[in-house]
Amino acid sequence: MLGKARRMSRLFVGEKQRCLLSPLDHGGWLGPVKGLDRPQAIVERVIEGGANAILASPGFLRAAAPALTPATGLVLRVSLTAGLSAQGTQETPIAQLDTALRLDADAVAVSVFFGREGDLEIYRWLAELIRTCEPFEMPVVAEMMPPGDRAFDATAIAHAARIGMEIGADVIKTNYCGDVAQFAEIVAAVPVPIIVAGGPKTAGDDSTLQLVRDALAAGAAGVAIGRRVWQSADPAGMTRQIRAAMAE
């Protein structure tokens with residue numbers, strides 16, 4: 001097993017070929033908030049809890065390198081939201097394929113927030129990146145987010161996800177619509193692995209675990225739970241609960 005297949009095998013693991021991706025890529029948007037203020041420590045916690053892959057920026061991964069294991073899948077965020085900028089509502093490219101190759105990443109990730117200024121520009125850049133990655137067999141994770149006023153609308157999620165598939169992304173990361181049957185239709189219409197985003201932290205753990213169970217029941221290939229994990233009192237324990245829910 002070589003190239004893209006080998007890289008994908010580090011992201012989607014186990015008998016069911018699922019991904020528990022820990023997104024630790026919020027620092028450019030939110031700053032060094034509690035939970036992300038110690039990169040190595042939070043990586044240690046989520047790996048201890050059972051996350052098989054990490055999503056982070058180049059600088060974050062370098063800072064957290066001592067905590068990474070050879071088996072840890074690495075998804076390099078190559079676009080970032082600049083939270084301090086008045087124009088920071090859309091992603092900005094921060095790295096290219098050569099950075100991912102030097103860091104031995106298993107995939108690169110770009111986000112497109114439709115409905116925000118600059119969405120077509122970052123969409124075009126994502127398409128160019130996909131073409132650049134193809135000869136090097138580097139998988140591309142496209143986080144395709146529908147407009148904010150339709151963030152959890154099944155039709156809008158399906159459309160955003162389908163755009164990512166149409167331009168050639170290998171994996172789609174997007175929102176869960178809240179309904180198993182409707183999301184199953186999205187999965188059927190977007191025939192690449194779909195990873196469900198966790199979204200903002202909620203009051204309790206039960207809703208997070210139910211989201212995980214429902215998304216997987218609908219056919220999602222994995223979950224990417226960020227704030228609900230690293231903002232919790234016990235990130236390792238929360239990750240462990242998500243891992244257990246994925247194994248049910």
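FYI, side chains are in, hydrogens and waters are out, and symmetry mates aren't considered; it's all heavy atoms of this structure. The structure presented is a predicted model; accordingly, all values stated were derived computationally and were not measured. Just so you know, residue 1 is the first one in the sequence shown, and it goes up from there.
Expressed to the nearest 0.5 Å, how far CZ of R150 lies from SG of C177 amounts to 12.5 Å. Annotation: the span from S57 atom OG to H26 atom NE2 amounts to 12.0 Å, rounded to 0.5 Å. Atom OG1 of T208 and atom CE of M238 lie 5.0 Å apart (nearest 0.5 Å). For the atom pair CG (D106) and CG (L11), the distance works out to 5.0 Å, reported to the nearest 0.5 Å. For the atom pair CD1 of I195 and NZ of K173, the computed distance is 8.5 Å after rounding to the nearest 0.5 Å. Rounding to the nearest 0.5 Å gives a distance of 10.5 Å between CD1 of I130 and CH2 of W125.
Between the side chains of T89 and R116, no donor-acceptor pair is found at a separation under 3.5 Å. Looking only at atom types and distance, the side chain of Q210 has a donor-acceptor partner in the side chain of D214 under 3.5 Å away.
Put simply, V229 and I47 are part of the same group of oily side chains (I, L, V, M, F, W, Y) that touch within less than 4.5 Å, one to the next. Under a hydrophobic clustering in which Ile, Leu, Val, Met, Phe, Trp and Tyr are joined whenever their side-chain heavy atoms come within less than 4.5 Å, directly or via other members, M145 and W29 fall into different clusters. One hydrophobic cluster, built from ILVMFWY side chains closer than 4.5 Å, cannot hold both M165 and F113; they sit in different ones. I172 and V141 fall into different hydrophobic clusters, defined by Ile, Leu, Val, Met, Phe, Trp and Tyr side-chain heavy atoms under 4.5 Å apart, directly or through other members.
S22 places none of its side-chain heavy atoms less than 4.5 Å from the side chain of T239.
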inquiry  = I'd like to know whether V223 forms a side chain to side chain contact (heavy atoms under 4.5 Å, CB included) with L21, so could you lay out the CA-CA distance, the side-chain angles of the two residues, the decisive distance to 0.1 Å, and finally the verdict.
reply    = CA-CA 6 Å; V223 295; L21 177 65; over 6 Å; no

task = Walk me through it: do F12 and V171 pass the test side chain to side chain contact (heavy atoms under 4.5 Å, CB included)?
result = CA-CA 11 Å; F12 297 92; V171 180; 3.9 Å; yes

task = Might you work through the side chain to side chain contact (heavy atoms under 4.5 Å, CB included) test for I186 and I194, ending with a clear yes or no?
result = CA-CA 9 Å; I186 295 171; I194 296 179; 4.3 Å; yes

request  = Starting from the C-alpha separation in whole Å, work towards a yes-or-no answer on side chain to side chain contact (heavy atoms under 4.5 Å, CB included) for I157 and Y176.
outcome  = CA-CA 8 Å; I157 292 170; Y176 175 63; over 6 Å; no

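Under a cut-off of 6.0 angstrom, the local environment of CD in E117 is sparse, with at most 12 non-hydrogen atoms contributed by other residues, nucleotides or ligands. Enclosure of atom CZ in R6 is not indicated, since only 12 or fewer non-hydrogen atoms of other residues, nucleotides or ligands lie within 6.0 angstrom.
In this pair, Y123 and F114 present their aromatic rings tilted. The plane angle is within the 30 to 60° band.
With respect to the salt-bridge test (charged N to carboxylate O, under 4.0 angstrom), the residues E128 and R124 do not qualify. With respect to E137 and R7, no salt bridge is recorded, no charged nitrogen being found less than 4.0 Å from a carboxylate O. Contact check on D25 versus R77 returns a salt bridge, with a Lys/Arg side-chain nitrogen under 4.0 Å from an Asp/Glu carboxylate oxygen.
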